[in-house]
Amino acid sequence: MEGCKGTQVYALNPSGTTTTTNGFGGGGVGEKFLQNLLANPVRSRSDRNFPASQSKDELNMGVLAEALASYGLPKTDLLEPQIEFCLKPMNFVETLADVYCRMEGCAQFGKSKMYLEQCAIFRGLPDPKLFRKCLLSARLHAVDVHTKVVLSAWLRFERREDELIGVSAMDCCGRSMECPGSALVTGYNPESATDPCMCHQGEDTEINMDEECSTSSSRGNEEENFDMSFCIGDDEVRCRRFNIASLSRPFEVLLYGSFMDSRREKINFSNNGISANGMKAAEMFSRTTSVDSFNPDIVLELLSLANKFCCDEMKSVCDAYLASLVFDMDSAMLLFEYGLEENAYLLVAACLQVFLRELPNSMHNPNVSRLFCSSEGKDRLSYAGHASFLLYYFLSQAAMEDDLKSNTTVMLLERMGECASEGWQKQLAFHQLGCVMLERKEYKDAQKWFEAAVEAGHVYSLVGIARSKYKRGHMYKAYKLMDSLISDYTPSGWMYQERSMYCQGKEKTMDLSTASELDPTLSYPYKYRAVSKVEENRLGPAISEINKVLGFKISPDCLELRAWFLIVLEEYEGALRDVRALLTLDPHYMMFHGKLQGEHLVELLSHNVQPCSQADCWMQLYDRWSSVDDIGSLAVVHHMLANDPGKSLLRFRQSLLLLRLNSHKAAMRSLREARNQATSEHERLVYEGWILYDTGYREEAIAKAEESISNQRSFEAFFLKAYVLSETSPDTESSLYVIQLLEEALRCPSDGLRKGQALSNLASVYVDVDNLDNAIDCYTNALNIKHTRAHQGLARVYHLKDQRKLAYDEMTKLIEKAKSNASAYEKRSEYCDREMAKSDLSMATKLDPLRTYPYRYKAAVLMDDHKEAKAIAELTKVISFKPDLQLLHLRAAFHDSMGDLTSAIRDCEAALCLDSSHADTLDLYQKVQQRAKEQPPT
């Protein structure tokens, strides 16, 4: 081709294809070829030596296939499972039970630390709400200012409010748990969770000039009582000896003790580092105990004087006053050094709070980074009472999100390890250090830190040791280590998955098969089997294999693999769908492991599919939505946003789809973008309400909805209020109010997709209040506008009316429209006989092994058939990879019925660790405990 003519042809790497850990071969030829293609995506036929009979589309498709093929097909020997960064106990249920028992037995002032430990354990669970709930509980039970400051900032960081336009780091959201002012108040007050903070009560902090003048005017009367002077240079500061002596014990000894100064009327005070104005302020403070009328420079002098002469009250007042002056990065940077030098606890806390609430941006300031990352900085913070494991835990997690492989991340994790005192803290710090070093390809250091984590008691870090040995060329040692782990502990899926890395052939295949059997949610075995089939030139089965995992767990790496397979098959439309969905999850994703930007691949693929207008996209979105194709819907919305990037409504739809796919992080990012792009106040308030709801603030979300409605009545505002109320207050009176709100929503303009959802929700509430006829009407109307999921609600109504055949048929319609929908099979099982139910539940588990109802049903059937051991084994198998509250409660009930009270108590405690207010489990726990007490000792 003409584009390849010149002095330098794009040469292949002479050393062979470069490789990457994501399983793709790479090379300079592909990158440069694609850059050339991007510059000239469709050239005229005269520029190329192709047959005249070849169409432009055929030519372009061939060039794309040739260009992408130059990256090399994915290879099995380059695929690796991800080592988890969180704590991973060998017996998760026993760990949960132990944490619950210690939580119940610890003193009130120690609960905050216990909740922090619970946070570290829950970090590895797929539901982020558990982590946020524990974080909020830790803040609720915090006692000291330092803990409150860090946890309040962390709660804010979890919502990533730094990404919200127009929101300052020190803005108060109105909730005392996150209020920057409330965090600087020491004391234990767990009842303050729902209290409004003081910021919005309009406290007047301005100095009363009349009072200041009266203080000044009274000075003349005080001068009559002055009986001594402090001489500073040429200035003489008149004071009352008794007042100055009352400031501290050192002053008392100086002025009334056996020193010569105690008998002098004038005392030379020139060499004590305070100016005449500063001493005048000290004299005034000795009479008023206030510094509000002083210049900040004078207050800093007083703080220094207070430290030198141990004036505790003066130091406390100065500290609080200076802390009140900190409101942004500039003021924090200005006063932070003073706070550290003078050991001013509140001032340092106030500055620290600004730095933490500005994360991750504040860490890009070299002075802030140096303070937190260096050992010297940690020691200075420690001297001021502000170096803690909690602080460095938060900082290191923020750094890992910002740049996992950076030196900053490593240094913060090292400081975290130095601050660790308890076993779980050391395990976490050392394990995460090992993971980061592994990512940085510093395998010797990675092995060292993993070994330290194992020594601290974190057995899972043996996986890191094995991987480090493997990377250093010791494959057999890695295999033996994992083999020993499987022998010494109850086997888990991740153990066999890791061992499969270090063997070949049938043994590898068997290990991967066992891994999937023990834990069908692991992605690596599916990916490996899919790529193996590609290597055997069986692309159809490869796509079927990767579809299995994408059916229940959407992830960028699996979408990338399927897109690659589809490109090889020249199914560009499907490949474009997957790349668009992938970029919705991670907008900055680099395809083929860093070789090509995802957006560039979208551009290339777009030249090989039929172009779509915005109207065409809306039609496609209706079709995808109707067929319950969430990945396809995501791709269409991504395309629509490319055409109209400032459309906040589309960002909001995107967030709803992502939540349905359990991609919480990406969903919150889309929701924040929707809020930032909102063109009206009432729309912005709705999105802020959803952000609050999704982070656990339900009452505040309702308040946002009401404020939005007061600005302008809209579908989304009424829908938000109705949705949150239905979740918060399930009583009949509230349900009737929710019906009114949804009816109001339906009267407001909106599109069919949202109205279908509202009709379905309205029908559900009608069912709750026993109005089945109205429910049928709503579900039918929803189906008329292609809200396919309404079949499920309609089936429920038929079932309640004892029309099981109609219910079964309705779910069959849903299954026909929504291919491979596990939920549909699960729900249909409720409307048929046992054998048919077993078949449907088996299909549901095959499609989505994370759904717990099929396991509970099967276990219950086994118990009915008096096969207690098999029932327990069925639940134990799924609990090992999904420690679900309902599963734990059911197994506890089974243990109780079999007389195994110890196991029943353990499962109840583990369930209550996940949700301490679960009424059924609390009731069972109390009954089992009572029976255990009544049981005679063995």
Side-chain angles (χ1 to χ4, degrees), residues 520 547-548 551-552 622-630 632-633 660 726 752-753 755-865 867 871 874-875 878 884 886-887 890:
N547 282 344
K548 292 178 183 177
F552 65 89
Y622 269 89
D623 289 339
R624 303 288 187 277
W625 192 275
S626 177
S627 60
V628 198
D629 178 6
D630 293 331
S633 299
R660 184 177 292 166
S726 66
L753 296 178
K755 290 212 169 187
Q757 184 65 62
L759 283 166
S760 188
N761 287 12
L762 178 58
S764 178
V765 183
Y766 274 131
V767 172
D768 292 340
V769 296
D770 238 6
N771 192 337
L772 301 184
D773 291 335
N774 278 359
I776 290 176
D777 290 341
C778 287
Y779 281 129
T780 303
N781 290 335
L783 288 169
N784 289 338
I785 52 178
K786 293 191 172 184
H787 189 74
T788 306
R789 285 182 171 85
H791 283 297
Q792 186 167 309
L794 192 55
R796 178 189 172 203
V797 177
Y798 287 142
H799 176 64
L800 291 172
K801 293 169 76 76
D802 289 330
Q803 298 173 325
R804 294 190 72 194
K805 177 65 169 61
L806 287 177
Y808 182 88
D809 292 343
E810 204 64 38
M811 290 309 302
T812 302
K813 293 176 185 177
L814 176 57
I815 289 171
E816 290 170 352
K817 293 179 182 179
K819 304 297 183 184
S820 303
N821 188 281
S823 173
Y825 282 101
E826 180 183 298
K827 290 297 179 183
R828 191 174 72 170
S829 71
E830 299 177 19
Y831 313 131
C832 53
D833 59 44
R834 178 179 283 194
E835 290 305 314
M836 294 175 70
K838 284 182 180 180
S839 175
D840 276 353
L841 290 174
S842 177
M843 177 60 74
T845 300
K846 180 181 177 181
L847 294 172
D848 184 357
L850 288 169
R851 302 193 71 85
T852 61
Y853 175 75
Y855 303 106
R856 287 187 280 130
Y857 179 89
K858 185 176 180 181
V861 170
L862 289 169
M863 284 295 286
D864 289 344
D865 293 341
K867 299 176 180 178
E874 179 68 22
L875 292 177
V878 63
D884 177 77
Q886 297 291 343
L887 292 170
L890 185 60

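All residue numbers in this chain count up from 1 along the given sequence.
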Is any side-chain heavy atom of [Y] closer than 4.5 Å to one of [X]?
X    : Y    : result
I815 : M843 : no
Y853 : L841 : yes
L814 : K827 : no

### Carboxylate-amine/guanidinium contact K813 D809, below 4.0 Å
no
### Note: D629-K819 ion pair, threshold 4.0 Å (strictly below)
no
Could you grab the distance from atom [atom1] of [X] to atom [atom2] of [Y], nearest 0.5 Å is fine?
X    : Y    : atom1 : atom2 : answer
Q792 : E826 : CD    : CD    : 8.5 Å
E874 : L887 : CD    : CG    : 10.0 Å
L847 : N547 : CG    : CG    : 11.0 Å
S626 : I785 : OG    : CD1   : 11.0 Å
Y825 : S842 : OH    : OG    : 11.0 Å
L890 : Q886 : CG    : CD    : 8.5 Å

Is it true that a side-chain atom of [X] and a backbone atom of [Y] form a donor plus acceptor pair closer than 3.5 Å?
X    : Y    : answer
D848 : A844 : no
Y855 : P849 : yes
Y857 : S829 : no
S627 : D623 : yes
T812 : Y808 : yes
D833 : E835 : yes

What closest approach, in Å, do [X] and [Y] show between heavy atoms, and which atom pair accounts for it?
X    : Y    : answer
C832 : A837 : SG-N, 3.5 Å
F552 : P520 : CZ-O, 3.4 Å
A782 : G756 : CB-O, 3.7 Å
S764 : R796 : OG-NH1, 3.9 Å
W625 : T788 : O-OG1, 4.5 Å
V628 : R789 : CG1-NH2, 2.8 Å

### Query
When D840 is tested against each of R851, K846, R828 for salt bridge (charged side-chain N to carboxylate O under 4.0 Å, His left out), which residue passes?
R828
### Query
Does NZ belonging to K801 count more than 12 external heavy atoms closer than 6.0 Å?
yes
### Task
Look at atom NZ of K858 and say whether more than 12 heavy atoms of other residues, nucleotides or ligands are closer to it than 6.0 Å.
no
### Message
Please identify which of these residues, D768, N774, V767, meets the side chain to side chain contact (heavy atoms under 4.5 Å, CB included) condition with N771.
### Response
N774
